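All of these numbers come straight from a predicted model, not from anything done at the bench. Side chains included, hydrogens not; waters and symmetry mates left out as well; all remaining heavy atoms used. Naming convention: chains lettered A, B, ... in sequence-line order (proteins, then strands); numbering from 1 in each chain.
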Amino acid sequence: MSVRVRFAPSPTGHIHVGNVRTALFNYLFARSEGGRFILRIEDTDLERSTLESENLIYEDLKWLGLDYDEGPKMGGDYGPYRQTERFGIYRKCAEELMEKGYAYKCFCTKEELDAEREKAQAEGRPPLYSGKCSRMTKEEADRREAAGEKPSIRFRAFKPNVLVKDMIHGEINFPTNSFGDFIIIRPDGTPIYNYVVVVDDAMMKITHVIRGDDHLPNTPKQVLIYEALGYEAPTFAHIPMILGPDHAKLSKRHGNTSVEQFRSSGYLPEAMINYMALLSWSSDDEKELFSKEELISKFSLSRVSKSAAVFDFDKLDWMNGYYIRRKTADELYGLCLPFLLDSGMADGGFLEKEKERVKAMLLSVRDNFVKLSDAPAFMEVYFKRAAEITPEAGEVLALETSAPVLEAFLDKIKNYEYLSPEDYKGIMKEIQKETGAKGKALYMAVRAGVTRSTKGPEMDSVATLLPVKELSGRVEETLSMIRRG
RNA sequence: GACCCGUUCGUCUAGCUUGGCCUAGGACAUCGGCCUUUCACGCCGACAACAGGGGUUCAAAUCCCCUACGGGUCGCCA
């Protein structure tokens, strides 16, 4: 039987990092087994689900490069893939369950149940359903329904123990009296997660359910439903949670947690994929840098660990920088453009006209980036002078040799429009001869004179990429600042 | 509270199935050094962990039990 796995998000916003890892493991497993990866939209919560959010999910998956084989838009042999379009199926299966005695109508109101639960908890008993409606006759149920009461449908926990077989955790035994009879259809006819997930996975012929281990306690309920429906349960693989730095389940309060936030703050999809793959999974060869293709060939559920992982933003940053450093000038230009535009330091027309020069600039500062959004800060040297002289640059400029060096520099470059690297080197040599300024001091003086900082890209790229007019303007300004003190 | 799950450097992890090769390996971070006419990159090195206690065994990070701690779930959310 060929492998079929699914990613089943609720359309309530952008995909969260925890879900990215779940999607990724499903994807990697499917691709490595030559199976199919299915996208199912779990929109049974009508209140929170929106079509806009559904589109955000498509965008996020596309950006991440996680392509799927069946889903709402593209269809497939086991559709529809949107749960709101499957309500008829759920209703039919529920009728079947009631006929077989696995489910019954429950007329208890939400208020009654809440009160019951509170009372139980106050008395130190587990908050279980009393079973009040479980032995109601069909006649009475029909009568009350005819009288206008709206029942929910409740599933009967029909045996005392359930054994869950999990690829990661092994066999786990759950006593069913820890949860009791549970609702599968609300009074308004909409179905509940624990129920639809089983109907869908069974009918979509899902072979492996790979999801976060926060679902582990739900699994015995689902196994019960599989059995009642006459289906064989799929293989489960409950993967560990992702935690924030405080060791609590990763959430919005930890900052950057949606795919969109990572994208817009300058992270590369390949870094996200590579980093997330390393959370609770490791390769058998101690390597850590992998392309998506390498991950597919290396991935195995048997190498997924059991314990939760803390999301390490530092390591992600390192990896993102690693991938940025491997980008070509062309790629970098396209990638950084939105961030450059956004910073307002240069307009689109200029960036387009000076494309080749901008690419060279990008290449000269690339090694400093951690995120694409760092581009503007490092490109600042090229687009405008730092407003003030940095303390380090100030020290350099205070040296007696600095002013004569800068004056000589101004004099030498005035007949050029642009400096070539050779021009620059030659000029520096001449200045050295004339002023007697030596090595480091010479170069530092020019650097400080032009950029007013001692940090940033190599000086020869700054001198080469900037028009001489700009260079001399800057140096003159710095000189007058020195003279004023 | 009940029911589950988990516990190797600060963090991600290797090793645990099939005890000995583990004076516990790698990566990020940190700190040092080298490279370098800046910063960074790169290279080299240092620091740093088997939660605790009992067993079993010639031998335990690895097997068993207990304790502690952490996490998750207990909804007409998914």
Side-chain angles (χ1 to χ4, degrees), chain A residues 8-10 12 42-45 47-49 83 106 108-110 113-114 117 120-121 123-128 150 152-154 164 166 168-169 172-180 182-188 190-194 196-197 211-220 238 240-241 243 245 247-249 275 278-289 302-303 305-319 321-322 325 365-370 378 392-393 396 428 438-448 451 453-460:
Chain A
S10 298
T12 55
E42 308 226 322
D43 55 354
T44 54
D45 184 347
E47 303 278 305
R48 299 196 303 148
S49 305
Q83 291 183 326
C106 174
C108 299
T109 65
K110 194 174 163 80
L113 293 171
D114 286 347
R117 203 170 11 245
Q121 256 164 1
E123 291 169 11
R125 289 180 288 114
L128 294 182
K150 291 247 181 268
S152 55
I153 298 176
R154 201 175 270 277
V164 172
D166 188 277
I168 292 164
H169 295 277
I172 309 161
N173 186 39
F174 290 88
T176 57
N177 65 15
S178 64
F179 48 84
F182 53 94
I183 290 178
I184 57 174
I185 306 247
R186 299 184 187 95
D188 69 359
T190 59
I192 299 293
Y193 167 76
N194 275 122
V196 291
V197 78
R211 68 202 344 174
D213 64 14
D214 48 341
H215 285 281
L216 209 39
N218 277 326
T219 311
H238 286 94
M241 308 249 70
L243 274 25
H247 289 229
K249 191 171 167 177
Y275 176 70
L278 260 24
L279 255 24
S280 297
W281 173 84
S282 64
S283 167
D284 56 11
D285 56 10
E286 290 204 329
K287 278 172 60 182
E288 302 206 291
L289 269 354
S302 66
R303 289 196 63 86
S305 76
K306 299 170 188 226
S307 46
V310 173
F311 194 96
D312 185 352
F313 290 87
D314 284 335
K315 190 157 182 173
L316 204 217
D317 281 353
W318 163 76
M319 201 173 268
Y322 171 86
R325 268 169 250 132
V365 295
R366 179 184 64 173
D367 287 355
N368 297 277
F369 292 9
V370 164
F378 287 99
E392 299 78 23
V396 173
M428 293 303 271
K438 269 250 164 152
K440 200 163 178 167
L442 167 72
Y443 281 85
M444 289 302 283
V446 174
R447 151 176 291 280
T451 69
S453 168
T454 53
K455 293 180 182 165
E458 298 267 359
M459 194 52 215
D460 52 353

Which is true for [X] with a 4.0 Å heavy-atom rule: it touches a base, it touches only sugar-phosphate, or it touches nothing?
X      : value
A:L113 : base
A:D317 : nothing
A:E286 : base
A:E458 : base
A:L279 : sugar-phosphate
A:T190 : nothing
A:N368 : base
A:R447 : base

Practice task
Among B:U38, B:A40, B:C12, find the nucleotide with the atom closest to the side chain of A:D367.
Solution key: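 Within the option list, the nearest is B:A40.
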Using the 3.5 Å cut-off, write out each protein N or O paired with an N or O of nucleotides 50-53 of chain B and the distance between them.
none

Polar atoms only, N or O, under 3.5 Å: list the protein pairs with nucleotides 66-72 of chain B and their distances.
none

Under 3.5 Å, which N/O atoms of the protein pair with N/O atoms of nucleotides 15-19 of chain B?
unit_1 : atom_1 : unit_2 : atom_2 : d
B:G15  : OP1    : A:R303 : NH1    : 3.0

Practice task
I would like to know whether A:F174 and A:F179 meet ring-ring contact (aromatic ring centres under 6.0 Å, His included); could you show each step before the answer?
Solution key: CA-CA 10 Å; A:F174 290 88; A:F179 48 84; 7.9 Å; no
Exercise for the section: For B:C76, give its Watson-Crick or G-U wobble partner with both distances under 3.5 Å, or none. Expected result: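 Pair assignment: B:C76 / none.
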